[in-house]
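Chain letters run A, B, ... following the sequence lines, proteins first, then strands; residues in each count from 1.
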There are 2 protein chains.
Amino acid sequence: MHRVTIAQVAARAGVSTATVSRALSGNRPVSAEIRRRVDAAAGELGYAGNTIASALRRSRTDTVGMVVPSIRNPFFTSLVESVEHALQDQGKQLFLCDSRQDVAVEAGHLRSLAARQVDGIIISPCHGTGSTPAVEAAAAAIPLVQLDRHVAGTNTDWVGVDDGVSMRLVLDHLHAAGARSAAFISSTLTNSSTELRLAGFRRQTERLGMRTRDAWILLGDYSVEWGRRAAGDLLAGPGLPDAIVCADDLIALGVLRACRDHGVAVPADVQVTGYDDIDFAALSEPGLTTVGQPRDRIAAEAVRLLATAAGTGATAAHIALAPTLVVRESTAPVPPPGPAPAGTPGAAAAPVAGSEVRIRTGQPRSSRSEAGAHQESSSRP
Amino acid sequence: MHRVTIAQVAARAGVSTATVSRALSGNRPVSAEIRRRVDAAAGELGYAGNTIASALRRSRTDTVGMVVPSIRNPFFTSLVESVEHALQDQGKQLFLCDSRQDVAVEAGHLRSLAARQVDGIIISPCHGTGSTPAVEAAAAAIPLVQLDRHVAGTNTDWVGVDDGVSMRLVLDHLHAAGARSAAFISSTLTNSSTELRLAGFRRQTERLGMRTRDAWILLGDYSVEWGRRAAGDLLAGPGLPDAIVCADDLIALGVLRACRDHGVAVPADVQVTGYDDIDFAALSEPGLTTVGQPRDRIAAEAVRLLATAAGTGATAAHIALAPTLVVRESTAPVPPPGPAPAGTPGAAAAPVAGSEVRIRTGQPRSSRSEAGAHQESSSRP
DNA sequence: TTGAAAGCGCTAACAC
DNA sequence: GTGTTAGCGCTTTCAA
């Protein structure tokens, strides 16, 4: 049983194929009578359309490709979910690609997406420099926006949160909660957010006069297992930091686990923070204090940029949304500065308003500036 | 800068477009000399191909659509990951669709995928009967395989695990661990696996002579929050079951949380089991005893079926893979039947070999039967 | 082995 | 407002 084509619908409705196309797409005016006949014919024949043919003709596919280092990492899972939902509102569909932290796999996906004529690409590159060539090549052919992480030396759109601000939120909070020394557990990966988080940690501990040591900077990968191992080493070593700052929630959950195994009390003996606010951060024991990223906003901005960027070249937008600190029980209570009531501590997550937004450089590309919640700026004027 | 076409490559290489096509695709013989010239020309021009044009001509897109009730549910996330990887090995790409538990959204996705001429559809339908029309319509046009769940009244391929067997594994284990009464917490959703798990629970408790009550069958949704609420109600009520069997791990994690909140010891006061073996099942305190599904195998079979099913009509394969019981600390230790050493209890997950495979009806479609790990069978002879 | 040419199904000019 | 027609870029007969 062959697929129904527009020609068959046209024959049945007694009109030309062009008219059927116009009636069905609604792009151009068609008389009510004819529209009725076409709709009827299409319905009777079970006409379903052929997006491929349409795409070839219009040179638009209404598809977007998304490439993430690991679908299974809960942070990227939510990002994918948010992007899928945002795209659905626009009638676009999502090609999902998992680069498995492998630059070569990633490059293959990008080539493949380009060949498929996707209208745009959303990528969280797996490597800060290794991903550059493939990302640049793709961006040369197709609107591309980087999410969360971005590679060195490219000038594509980017949207995410400001990791420096996040680390300030985290360390200010820890300091206020009494921590005077801190360790940092992260990944060896050399991507932008990993590096910015470490840099932020160094700057903020220094600013606040908090002690740290080389042996307290532990780099492995973004996994529960690594967090557990690293914390195990830390707890076995001499001296304990007041706080362990983790570059993502998976690591932090591993750290909590290690503390439990070693009989170290959190937050009494050591405070622990994560990053991303994945679903399970609320569920651990104790609940994990962490940095919340506005994933829906990030996704929405990315999708909007792709739609906008279609024609425009030349200027890249950098949109840094405000992170929030989500305070739970893995950090010590902060003495209230004023007479404000403490609320119900430890019950639900208490999001603490984050920060202003960082404006990078240059001037806004679009004149329509939104609600002050973020700013976009171009890196080339 | 316009995209490079095959015609430009042809001109540069001094050959016809047909020859370029043959050289690049490798489908037909081309002289070594010409192949070299074509490759060179393509490289110099940065030819990237146009999958859309190719797809229109060949009427194959090398794409597969996947529709799941919720991307964010960790079980489906892993399934998506497994499918993505399996597809990548075949050079196909994945359209990911989230139906958000909504039959109308799901139907829209299926229509859209059909219009996009995907080569196959993999779906975990969100409703046992409500999804039927859309699934049937899609299956009439495109090879379709249902994963995990399946809808009533259709005759498409299906692959998953046998929920009845899973419940037998769970209840045998609980019984051996001393449980003589059990509650069941699940979802109100009327899809096949939800219903089969409940039916299995009923049958097995009856078979083992374990007590249960209407008030101990609690139906809500697949979420941590529901598990927590349901268990809260249960723990507040009169009498406590020896065990709480949950229809998925999210619910079970919520139950564990409620037990902790209510000071109920697991497994001493009540044993708890989950279903799916999501990543976080290993991480809870105590670790969750649960049913493991061979997700990679499920995905691989689904992808294989789509590839096979291309031409074949008429007979549908039902592939039920063996579930495994993953024993952790949320259930009581089972007294060893023989002199076998206990191993290191509670350390790593201890998968217990599951069960034989259920053969539904009819006879195998493919003659090539694999390693006895599963059986496929056709429901129509 | 290679080239010429006919379309895949649709939409956008261009006429009327 | 509607029909005619020319492709979108590729693959695949059919001849040579």
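Side chain of B/W158 to main chain of B/L147: no donor-acceptor pair is present (N/O by atom type, distance under 3.5 Å, no hydrogens or angles).
Screening residues 94-116 of chain A for ring-ring contact (aromatic ring centres under 6.0 Å, His included), with sequence neighbours left out, gives A/F95-B/F95. For residues 117-126 of chain A, the side-chain hydrogen bond (donor to acceptor under 3.5 Å, both in side chains) pairs, not counting sequence neighbours, are A/T61-A/D119. Within the structure, the side-chain hydrogen bond (donor to acceptor under 3.5 Å, both in side chains) test picks out the following pairs touching residues 4-13 of chain B (sequence neighbours left out): B/R12-B/E44.
Applying the side-chain contact (heavy atoms from CB on, under 4.5 Å) criterion to B/A107, with sequence neighbours excluded, gives B/R111, B/A134. For B/F76, the ring-ring contact (aromatic ring centres under 6.0 Å, His included) test picks out no residue, with sequence neighbours left out. Residues forming a side-chain contact (heavy atoms from CB on, under 4.5 Å) with A/S59 (at least two apart in sequence, or on another chain): none. Applying the side-chain contact (heavy atoms from CB on, under 4.5 Å) rule to A/A48 yields no partners; only residues at least two apart in sequence or on another chain are considered. Legend: residues meeting ring-ring contact (aromatic ring centres under 6.0 Å, His included) with B/Y47, ordered by chain and number and at least two apart, are absent. A/H127 pairs by the side-chain contact (heavy atoms from CB on, under 4.5 Å) definition with A/V103, A/T129, A/S131, A/T190, not counting sequence neighbours.
On the nucleic acid side, DNA chain D contacts chain A at distances under 4.0 Å to non-hydrogen atoms, with the end points of that region at D/dG1 to D/dG9.
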| task | Report, as a single string ordered 5' to 3', how protein heavy atoms within less than 4.0 Å touch nucleotides 9-16 of chain C: B base, S sugar-phosphate only, - not at all. | result | BBBBB---
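Taking the screw axis at each terminus of the helix from C/dT1-D/dA16 to C/dC16-D/dG1 from five consecutive base pairs, the angle between the two is 30° to within rounding of 10 degrees.
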